[in-house]
Amino acid sequence: METFKANDANRDELIMQQQREIEKEISDSTPLVSDQLPLTCLKAEYNGDDIFTAKIQDLAKRYKYMRRTRPDGNCFFRAFAYSYLEYLTCNSHAYQEFLRLAEGSKDKLIELGFPSFTLEDFHETFMEVVKRVCPKSSAGASEIVQTELHKVFNEQGYSDYVVVYLRLITSGQLQEDANFYQNFIEGSFTIEEFRHQEVEPMYKESDHIHIIALCTALSAGVRVEYLDRGEGGSVKTHDFPEGTDPKVFLIYRPGHYDILYPI
Amino acid sequence: MSTPARRRLMRDFKRLQEDPPTGVSGAPTDNNIMIWNAVIFGPHDTPFEDGTFKLTIEFTEEYPNKPPTVRFVSKVFHPNVYADGGICLDILQNRWSPTYDVSAILTSIQSLLSDPNPNSPANSTAAQLYKENRREYEKRVKACVEQSFID
């Protein structure tokens, strides 16, 4: 078998190798989810930029703190999960409701055709995380639960499994309501292709369609504040799904989501 | 030490033993669960029939969030297999889903043997013969089937 041509070298592996090196550099310098930081820390990144400085000032009227997430393509899912669970840790009723929904989600996904063997692995870990941040009523307990949440989201194994499971829930929602979501897909992708190429694989960035599908599946509202170079001195706000009372607040800068804390 | 990757690989192995798919087998190497040896038998009614093709599968701690590196050890003449045994298959690259396990990987490679994709060639000679001279293609494949008995 001497007829392999020289340009048939295994390019895929070279590209993947280079990608791994870049990822390592990012993961060594940024935690998966940071501590709470004052919103004004954003200003330093846009020093001397009038448009961004004005918009950050506008944002600072409504938000005091933020948490940065690692820019690894999973930032929307990780930011959403952290922020929503954080809300649930101090809302016992909403937590119980979410717990029931999360318990039942596995059977629903299996019905939709997801392989039960591997799904179980992600579901088990996801439920373990959810149970570890169960709200407690005793004095000082909310701080303990909050510390636990922060710890578990910075453990790569747990943190990534939570992201995977949310990706699968998103993918399931797209499949269940394929006729609706097909309208939002650009190009010639079918829903099936889109789910396998843009939703289920880790490290693939999220678009509006991911956000809408996840919020719908979990009945959770998200408010996104868009900080970009667009006209006007104020940030654009968008609620998903429209008209809901948001529990999760995120800031979007082109290509990246972080968590916000309203005043 | 038990990590998510190692725990998951134990489960994958258990499942492969309890519910083995037809025509494939695999197991971790003696002292390292992160490196597996596998065998794919050439699918019936294809020129690969009767071949026993050996592979290695290397996992990282990021499994199952990232795909393993899968490589044929046996020589395989196929449009989507590189000279070094590397495999050009979308689910092992940009369409990887964490829901795939070892069993799914091996059965996907098995179907790739039956249905090559000559439009993304890793071996341009094999791709060209597959499209333009099927008899010569099958002859070359059969030669590697015979080679696979000796390896």
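Every chain is numbered from 1 and lettered A, B, ... according to where its sequence line falls, protein lines coming before strand lines. Values in this document were obtained by computation on a predicted structure and should not be read as measured data. Computed over heavy atoms, backbone and side chain alike; hydrogens, waters and symmetry mates excluded.
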**Q** Is the count of non-hydrogen atoms from other residues, nucleotides or ligands lying under 6.0 Å from N183(A) atom CG greater than 12?
**A** yes

**Q** Check the pair D121(A) / R7(B) against side-chain contact (heavy atoms from CB on, under 4.5 Å), numbers first and verdict last.
**A** CA-CA 9 Å; D121(A) 186 35; R7(B) 208 179 57 213; 4.0 Å; yes

**Q** For L92(B), which atoms come within 4.5 Å of any heavy atom of chain A: side chain, backbone, both, or neither?
**A** backbone

**Q** Which heavy atom of P98(B) sits nearest to which heavy atom of M202(A), and what is that distance?
**A** CG-CG, 4.2 Å

**Q** T69(B) versus chain A, heavy atoms under 4.5 Å apart: side chain, backbone, both or neither?
**A** side chain

**Q** Answer with side chain, backbone, both or neither: which region of E193(A) has an atom nearer than 4.5 Å to a non-hydrogen atom of chain B?
**A** both

**Q** So what's closer than 4.5 Å to chain A heavy atoms on D12(B): side chain, backbone, both or neither?
**A** both

**Q** Nearest 0.5 angstrom please: Q156(A) CD to T3(B) OG1, how far?
**A** 11.5 Å

**Q** Could you grab the distance from atom CD of E120(A) to atom CZ of R11(B), nearest 0.5 Å is fine?
**A** 6.0 Å

**Q** Is it true that, when you exclude H44(B) itself, more than 12 heavy atoms of the residues, nucleotides or ligands shown sit nearer than 6.0 Å to its NE2?
**A** no

**Q** At a 4.5 Å cut-off on heavy atoms, which part of T125(A) comes close to chain B: side chain, backbone, both, or neither?
**A** side chain

**Q** Is the NZ or CZ atom of K66(B) both under 6.0 Å from the centre of the six-membered ring of Y203(A) and within 45° of that ring's axis?
**A** yes

**Q** More than 12 non-hydrogen atoms from neighbouring residues, nucleotides or ligands closer than 6.0 Å to NZ on K136(A), yes or no?
**A** yes

**Q** Do you know which of K204(A), E200(A), E198(A) has the most heavy-atom pairs under 4.5 Å to chain B?
**A** E200(A)

**Q** Just verifying a value: how many Å separate N65(B) CG and R167(A) CZ, rounded to the nearest 0.5 Å?
**A** 9.5 Å

**Q** First locate atom NE2 of H196(A), then atom CG of N94(B), and finally report the distance between them rounded to the nearest 0.5 Å.
**A** 12.5 Å

**Q** Answer yes or no: are there more than 12 heavy-atom neighbours, outside E21(A) itself, under 6.0 Å from its atom CD?
**A** yes

**Q** Closest heavy-atom contact between P4(B) and G157(A)?
**A** CG-CA, 3.6 Å

**Q** Heavy-atom distances under 4.5 Å only: say whether P201(A) touches chain B with side chain, backbone, both or neither.
**A** both

**Q** CG/D160(A) to CD/E62(B) distance, rounded to the nearest 0.5 angstrom?
**A** 8.0 Å

